[in-house]
Amino acid sequence: MTKQIYKPRPITGFPEWLPEVRLIEQRWMDHIRRVFESYGFCSIETPSVEEIDVLRAKGEVDKEIYVIERLHKDENDNGESRLALHFDQTVPLARYVAQHFNELDFPFKRYQMQKVWRGERPQAGRFREFYQCDIDVIGVDNVPLHFDSELAAIMVDILRGLNIGPFQMQISNRKILMGLCAGLGIEDPAPITRAVDKIEKIGETETKKLLIESGLNDDKATIILKFATIKTQDSSFVEQVLALGVSHETLAQGLAELASVMNQLTHIEKGFVLADLSIVRGLDYYTGTVYETKLLENTDFGSICSGGRYDDLAGSYINKHLPGVGISIGLSRLFEYMRINNKLEIGAKCPTDILVCLPSEDKRDEAAQTARQLRERGFNVELYHTYQKIKKQMAYAEKKAIPFVWFPPFEDGQPHEIKNMQTGEQTSADPQTWEK
RNA sequence: GCGACCGUAGCUCAGCGGUAGAGCCCUCGGUUGUGGUCCGAGUGGUCGUGGGUUCGAACCCCAUCGGUCGCCCCA
């Protein structure tokens, strides 16, 4: 009789980590949470599923959405196949705010760290199930522009603390390009924004080709191209845009807003934030400030932290005008980049500080007692429950990279001992007073 | 959804027409109460799957499934 084995394969796009990697991911999340809370953001968690109609209210993203249904559907179950996994946290937030409008305090500042699902082709840094860490500020009728700069500062703060190497956040304002297009008499700005957005990736020549293909004459294409290459560390982009000789009310408004945001970010060390007018972002609900963040050693990897301002978040779900601004860290993407490039400092495979070893069968009580005493004093302590040669017990600690091994007395009357696995040093110690 | 490349042990790969290999990992051993190094032994694969060509296929051909990378889109 041979046992039937179903050989499992990893499901691409749905990552899972070994304990030593997961441990670091948890540390990252702790860090992110701490910074969010330090700015007074509160946490919410929404269900993994939303009604399909809720998810669809914002636009055409149908092919990305995973629908859920029971394997065995009853005849009268039809109405229930209306559920699907959320593909971001902004839409669930909008629904949440609409639903709890009367119980929330505005401006509503919340953070949310959950998994989201997208039915896309997985690639490096692109998953079908991944974590996002969002913060958003929602106001009734308006949200001060100061939040736009504060959100940028928060994210720079977080990313610097994660030790991810050089990065840069690029900020722009959609009104600038929209106003520029309007000022140039361009009726459909969509293909223009798409071309501008690609300049970093495909270069100026290719971008210009795209612009011409979209129906622009050479003069207009040249203006747009010139515009798309403007990058400044302060608000001096304003003069450069004005020098293009196009004027429009929306353009002026966008310039004023972005200048204001940049001026409020001068406290950040130079280089972390850049006004980059080629940033527009595809998502159609952004109407003002837009953010993107790239790792400078590999800008092709994609944005690791992006977001923007929207005029009306929840208009599809409630009859109120609720503008907001939000930004999200692509935790899984960023983490994966660090992991595959061996930049995570992989350490212990468990949170254990001390392994208490079992000297012999008849010393179980003493060993357990020792473990309890150490645990009460705040250490993470594992007890080796199977009596095996000390050699085996040590090898276990070694494999899991547990930093200390505790030896309760082998014979009555002897002292306890503790061994530092890194230095190999072993000394006698008292479970009530020992310190690392 | 479209295009290019790739599927041999848990992992990284060699073999490219004549009966499945290496390194790492894992397990055990190298005697009394102590890990890492070293030495020895062992477990593990119907060579992604199905068909075809051949005396004979991991190897050649076709199909299929899976993976990787681009495009689209995005964290």
Side-chain angles (χ1 to χ4, degrees), chain A residues 2 5 7-13 15 18 32 59-65 86-90 112-134 155 159 167 169 190 193-194 197-198 201-202 206 279-286 290-295 300-308 326-337 340 355 357-360 363 384 387-411 414 416-427:
Chain A
T2 50
I5 292 182
K7 199 175 170 189
R9 298 166 171 280
I11 307 173
T12 31
L18 290 172
I32 295 168
E60 316 289 309
V61 276
D62 287 18
K63 59 174 182 177
E64 291 193 345
I65 298 178
H86 59 235
F87 53 82
D88 74 0
Q89 293 176 138
T90 306
Q112 202 168 341
M113 300 166 56
Q114 289 183 234
K115 281 185 169 167
V116 305
W117 294 266
R118 286 185 199 171
E120 287 181 294
R121 261 243 182 301
Q123 278 169 39
R126 310 181 61 178
F127 300 105
R128 296 194 288 189
E129 173 179 78
F130 57 98
Y131 279 113
Q132 282 194 166
C133 308
D134 284 34
M155 288 313 199
L159 293 173
F167 67 90
M169 177 179 286
T193 60
R194 235 174 294 129
D197 200 40
K198 281 195 183 141
K201 199 169 193 175
I202 64 175
E206 290 299 312
I279 301 299
V280 280
R281 304 194 50 64
L283 291 173
D284 31 315
Y285 51 77
Y286 292 130
V290 282
Y291 313 93
E292 241 170 55
T293 311
K294 302 224 174 75
L295 294 167
D300 288 341
F301 189 67
S303 176
I304 49 148
C305 175
S306 8
I327 186 165
S328 172
I329 299 180
L331 176 67
S332 298
R333 168 177 288 183
L334 177 57
F335 191 73
E336 174 70 351
Y337 180 83
I340 57 181
L355 175 74
C357 89
L358 184 60
S360 61
K363 293 287 187 231
Y384 202 92
Y387 176 67
Q388 282 180 310
K389 293 180 185 175
I390 298 305
K391 194 178 191 155
K392 290 272 190 195
Q393 304 194 31
M394 302 282 298
Y396 174 78
E398 164 67 22
K399 269 196 313 190
K400 288 180 70 174
I402 297 172
F404 295 96
V405 174
W406 191 283
F407 299 97
F410 285 89
E411 305 295 341
Q414 288 182 334
H416 290 257
E417 290 186 11
I418 186 155
K419 176 162 186 153
N420 179 322
M421 293 297 279
Q422 207 155 30
T423 62
E425 185 192 5
Q426 187 167 334
T427 54

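Protein chains get the first letters and strands the later ones, always in sequence-line order, with residue 1 at the start of each. Only this structure's heavy atoms are used, side chains among them; waters, hydrogens and symmetry mates stay out.
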Chemist: Does a side-chain N or O from A:Arg126 land closer than 4.0 Å to OP1 or OP2 of B:C69, or not?
Modeler: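 For B:C69, neither OP1 nor OP2 has a side-chain N or O of A:Arg126 closer than 4.0 Å.
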Chemist: Can you tell me the distance, in whole Å, between the CD atom of A:Gln132 and the P atom of B:A75?
Modeler: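 Result: 7 Å.
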Chemist: CD1 of A:Ile11: more than 12 outside heavy atoms within 6.0 angstrom?
Modeler: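 No, CD1 of A:Ile11 has 12 or fewer neighbouring heavy atoms, counting only those of other groups under 6.0 Å.
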Chemist: Taking the side chain as C-beta and beyond, is there a heavy-atom pair between A:Tyr291 and A:Met155 under 4.5 Å?
Modeler: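 Answer no - side chains too far apart.
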Chemist: Over all strands shown, is A:Tyr131 touching base, sugar-phosphate only, or nothing at heavy-atom distances under 4.0 angstrom?
Modeler: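 Answer is nothing: A:Tyr131 stays at 4.0 Å or more from every strand.
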Chemist: Quick one: does A:Ser328's side chain have a donor or acceptor within less than 3.5 Å of a partner on A:Ser306's backbone?
Modeler: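 Pair absent, no side-chain N/O of A:Ser328 close to backbone of A:Ser306.
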Chemist: What string of B, S and - do you get for nucleotides 24-29 of chain B, 5' to 3', when a contact is any protein heavy atom under 4.0 Å?
Modeler: --SSSS
Chemist: Taking pairing as Watson-Crick or G-U wobble with both contacts under 3.5 Å, can you name the mate of B:U64, or confirm there isn't one?
Modeler: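 Because both required distances fall under 3.5 Å, B:U64 counts as paired with B:G48.
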Chemist: Determine whether any donor atom in the side chain of A:Lys419 lies under 3.5 Å from an acceptor atom in the base of B:U34, or the reverse, and answer yes or no.
Modeler: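 Indeed, a donor on one side and an acceptor on the other fall under 3.5 Å apart.
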Chemist: Could you tell me if the side chain of A:Ile304 sits less than 4.5 Å from the side chain of A:Ile329, heavy atoms only?
Modeler: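 Not in contact.
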Chemist: With sequence neighbours left out, write down each residue that passes side-chain hydrogen bond (donor to acceptor under 3.5 Å, both in side chains) with A:Lys419, or none if nothing qualifies.
Modeler: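 If we apply the side-chain hydrogen bond (donor to acceptor under 3.5 Å, both in side chains) test to A:Lys419, skipping adjacent residues, there are no hits.
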Chemist: Using atom P of each nucleotide, how far apart are B:C28 and B:C65 to the nearest Å?
Modeler: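 Straight-line distance between the two P atoms is 43 Å.
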Chemist: Would you measure the distance from the P atom in B:C2 across to the matching atom in B:U64 and give it in whole Å?
Modeler: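 One P to the other, the span is 12 Å.
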Chemist: Quantified in whole Å, what is the P atom distance between nucleotide B:U19 and nucleotide B:C59?
Modeler: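 Taking atom P in both B:U19 and B:C59, they lie 14 Å apart.
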Chemist: Across the strands shown, which category fits A:Tyr396 at heavy-atom distances under 4.0 angstrom: base, sugar-phosphate, nothing?
Modeler: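 Touches nothing.
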Chemist: Stacking between B:A75 and A:Phe130, yes or no? Criterion: centroid separation under 5.5 angstrom, plane angle under 30 degrees.
Modeler: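 Yes, A:Phe130 stacks on the base of B:A75.
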Chemist: At under 4.0 Å between heavy atoms, what does A:Ser306 touch on the DNA or RNA strands: base, sugar-phosphate, or nothing?
Modeler: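 Contact class for A:Ser306: sugar-phosphate only.
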Chemist: Starting at atom CD of A:Glu336, determine the distance to atom P of B:U68, rounded to an integer number of angstrom.
Modeler: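 Roughly 10 Å, once rounded to whole Å.
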Chemist: Could you say whether A:Thr423 or A:Pro122 is positioned toward the 5' end of RNA chain B, judged by the nucleotide with the nearest heavy atom to each?
Modeler: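 First, find each residue's nearest nucleotide; the 5'-ward one identifies A:Thr423.
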Chemist: Can you tell if the side chain of A:Arg128 reaches within under 4.5 Å of the side chain of A:Thr12, non-hydrogen atoms only?
Modeler: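 Side chain of A:Arg128 against side chain of A:Thr12, heavy atoms only: contact under 4.5 Å found.
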Chemist: Out of B:C73, B:G33, B:C69, which nucleotide sits closest to the side chain of A:Lys198?
Modeler: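 Of the candidates, B:C73 comes closest.
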Chemist: Distance check, C1' atoms only: B:C6 and B:C16, in whole angstrom units.
Modeler: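 The answer is 15 Å between these two C1' atoms.
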Chemist: Identify whether any heavy atom of A:Ala395 sits under 4.0 Å from a base atom; if not, whether one sits that close to sugar-phosphate; answer base, sugar-phosphate or nothing.
Modeler: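 If one applies the 4.0 Å heavy-atom cut-off, A:Ala395 turns out to touch the sugar-phosphate alone, with no base involved.
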Chemist: Sticking with atom C1', work out how far B:C60 lies from B:C24, rounded to a whole angstrom.
Modeler: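 33 Å, rounded to whole Å.
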Chemist: Round to a whole Å and report the spacing from CD of A:Glu411 to C1' of B:U32.
Modeler: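 So the CD-C1' distance, A:Glu411 to B:U32, works out to 12 Å.
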Chemist: Hey, does the side-chain of A:Arg281 have a donor or acceptor N/O within less than 3.5 Å of a partner on the base of B:C74?
Modeler: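 A donor-acceptor contact between them is absent.
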Chemist: Any donor-acceptor pair under 3.5 Å linking the side chain of A:Arg118 with the backbone of A:Phe87?
Modeler: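 Judged by distance alone, yes, a pair lies under 3.5 Å.
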Chemist: In whole Å, what is the span from the CZ atom of A:Phe407 to the P atom of B:G33?
Modeler: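 Roughly 12 Å, once rounded to whole Å.
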Chemist: Taking for each residue the nucleotide of RNA chain B bearing the nearest heavy atom, is the 5' side occupied by A:Arg121 or by A:Gly125?
Modeler: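 Counting from the 5' end, the first nearest nucleotide belongs to A:Arg121.
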Chemist: Looking only at atom P, what distance separates B:A58 and B:A20, rounded to whole Å?
Modeler: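 Pairwise P distance, B:A58 against B:A20, rounds to 8 Å.
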Chemist: Is there a side-chain contact between A:Arg121 and A:Arg126, using heavy atoms and a 4.5 Å cut-off?
Modeler: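 A side-chain contact is absent here, since even the closest heavy-atom pair is not under 4.5 Å.
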Chemist: Could one point to a donor on the side chain of A:Gln426 or the base of B:G35 with an acceptor on the other under 3.5 Å away?
Modeler: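 By the distance-only test, no, there is no pair.
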Chemist: Scan every strand shown for a Watson-Crick or G-U wobble partner of B:C72, both distances under 3.5 Å, and answer none if you come up empty.
Modeler: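 Partner of B:C72: none.
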Chemist: Report the distance from atom CE of A:Met155 to atom P of B:A75, rounded to the nearest whole Å.
Modeler: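 Whole-Å distance recorded here is 12 Å.
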Chemist: B:G52 and B:G70: how far apart are their P atoms, nearest whole angstrom?
Modeler: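 Rounded to whole Å, the distance is 39 Å.
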Chemist: If I take atom CE in residue A:Met421 and atom P in nucleotide B:U37, what distance separates them, rounded to the nearest angstrom?
Modeler: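 So the two atoms are 12 Å apart, to the nearest Å.
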Chemist: Could you list the donor-acceptor pairs under 3.5 angstrom formed by side chains in residues 400-410 of chain A, with sequence neighbours left out?
Modeler:
unit_1	atom_1	unit_2	atom_2	d
A:Lys400	NZ	A:Glu382	OE1	3.4
A:Lys400	NZ	A:Glu382	OE2	3.3
A:Lys400	NZ	A:Tyr396	OH	2.8
A:Trp406	NE1	A:His416	ND1	2.9

Chemist: Check A:Ile279 against A:Lys294 and note the closest heavy-atom contact, atom names and distance.
Modeler: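 Closest heavy-atom pair between A:Ile279 and A:Lys294: CD1-NZ, 4.4 Å.
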Chemist: In whole angstroms, how far is the C1' atom of B:A75 from the CD1 atom of A:Ile32?
Modeler: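 Going from CD1 in A:Ile32 over to C1' in B:A75 covers 12 Å.
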Chemist: Just the rounded figure in Å: distance from C1' of B:C73 to CZ of A:Phe87.
Modeler: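 After rounding, the gap between these two atoms is 13 Å.
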Chemist: At under 4.0 Å, does any side-chain N or O of A:Lys391 touch on OP1 or OP2 of B:U31?
Modeler: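 So the side-chain polar atoms of A:Lys391 never come under 4.0 Å of the phosphate oxygens OP1 or OP2 of B:U31.
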Chemist: Can you check the distance between B:C26 and B:G21, where both ends of the measurement are the P atom (answer in whole Å)?
Modeler: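 Going atom to atom, P in each nucleotide, I get 24 Å.
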Chemist: NA contact type, A:Arg128, heavy-atom cut-off 4.0 Å: base, sugar-phosphate, or nothing?
Modeler: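 Since no nucleic acid heavy atom lies under 4.0 Å of A:Arg128, the category is nothing.
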Chemist: Using only side-chain N and O atoms of A:Thr12, determine if any of them is under 4.0 Å from OP1 or OP2 of B:G67.
Modeler: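 Affirmative; the distance criterion is met.
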Chemist: May I ask you to say what A:Gln422 touches in the nucleic acid, namely base, sugar-phosphate or nothing, with a heavy-atom cut-off under 4.0 Å?
Modeler: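 Base contact.
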Chemist: Under 3.5 Å, is there any donor-acceptor pair linking the side chain of A:Gln123 to the base of B:U68?
Modeler: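 Checked by distance alone, the answer is no.
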